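Letters A, B, ... are given to chains in the order of the sequence lines, protein chains preceding strands, and every chain is numbered from 1. The structure presented is a predicted model; accordingly, all values stated were derived computationally and were not measured.
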Amino acid sequence: IAGITQAPTSQILAAGRRMTLRCTQDMRHNAMYWYRQDLGLGLRLIHYSNTAGTTGKGEVPDGYSVSRANTDDFPLTLASAVPSQTSVYFCASSVHRGNEQFFGPGTRLTVL
Amino acid sequence: AQRVTQPEKLLSVFKGAPVELKCNYSYSGSPELFWYVQYSRQRLQLLLRHISRESIKGFTADLNKGETSFHLKKPFAQEEDSAMYYCALIAGFQKLVFGTGTRLLVSP
């Protein structure tokens with residue numbers, strides 16, 4: 001059982017390029033989340049999904065989009081990357097919204 | 001709005017010394033609070049939650065509603081406790097709100 005996985009582990013990206021960060025969980029959790037982790041700012045919620053087919057905006061959604069076509073996958077897309085999106089991105093999931101969240105290993109993204 | 005405050009960015013102690021990582025929150029109702037830990041190059045993982053009232057790796061945290069605090073304590077720090085610690089709050093069925101984190105550095 002893998003739990004929750006993310007890909008890629010790290011990526012260097014030119015500004016203006018499109019990028020999709022992948023997140024997959026095999027725990028049949030209903031809720032999934034994307035956070036970015038920045039020094040001095042902690043973790044900030046980008047987008048979330050309470051259940052397959054629904055998504056919602058978090059604290060810092062601008063420049064990002066998500067989809068939840070099925071229970072297991074919750075990809076995060078940067079349509080046109082900018083340097084301020086350089087960060088470590090964590091995906092998380094929970095049985096339901098409000099329960100303990102389990103985190104993926106993170107994706108380190110650098111936008112040049 | 002819900003808010004979690006961790007006033008210390010860095011806490012440096014010697015091995016064997018007591019540790020207290022501060023966490024204050026703002027929420028008008030009855031919150032559910034957590035401490036998450038992130039060891040170097042590892043994913044975030046839940047350390048403890050206030051409703052379970054348990055001690056994990058020697059750490060405890062007591063919810064003080066009067067002071068709106070949920071400080072994390074350990075009587076004798078170990079080098080392997082060095083990590084980033086995040087306090088987090090769930091209010092009702094809302095999202096998990098994290099503090100900015102405190103880096104604990106335990107020196108030999």
In terms of heavy-atom contacts, A:Ile4 and A:Ser93 come closest through CD1-N, 3.9 Å
Classify the angle between the aromatic ring planes of B:Tyr86 and B:Phe98 as parallel (below 30°), tilted (30 to 60°) or perpendicular (above 60°).
perpendicular
Looking at CG of A:Leu109 and CD of A:Gln11, how far apart are the two atoms once the value is rounded to the nearest 0.5 Å?
7.0 Å
Verify, without hydrogens or angle tests, whether B:His71 (side chain) and B:Glu20 (backbone) share a donor-acceptor contact under 3.5 angstrom.
no
Of all heavy-atom pairs linking B:Pro31 and B:Tyr25, the shortest is CG-CE1, 3.5 Å
B:Gln78 side-chain N/O to B:Glu80 backbone N/O, donor-acceptor pair under 3.5 Å
no
Find the one option among A:Gln101, A:His96, A:Gln6 whose heavy-atom pairs under 4.5 Å with chain B are most numerous.
A:Gln101
Side-chain donor/acceptor of B:Glu32 to backbone N/O of B:Ile90, under 3.5 Å
no
Between A:Leu21 and A:Pro8 the two heavy atoms that sit nearest each other are CD2-CD, 4.3 Å
Residues of residues 57-91 of chain A near chain B, each having a heavy atom less than 4.5 Å away:
A:Phe90
Looking at A:Thr54, is its backbone amide N or carbonyl O close enough to the side chain of A:Ser49 to form a donor-acceptor pair, meaning the two atoms are under 3.5 Å apart?
yes
Engaged part of B:Gln38 at the chain A interface, taking heavy atoms whose separation is under 4.5 Å
side chain
So which residues of residues 32-46 of chain A are in contact with chain B at a heavy-atom cut-off of under 4.5 Å?
A:Tyr35, A:Gln37, A:Gly40, A:Leu41, A:Gly42, A:Leu43, A:Leu45
Please confirm whether the backbone N or O of B:Lys57 pairs with a side-chain atom of B:Lys74, one donor and one acceptor, at under 3.5 Å?
yes
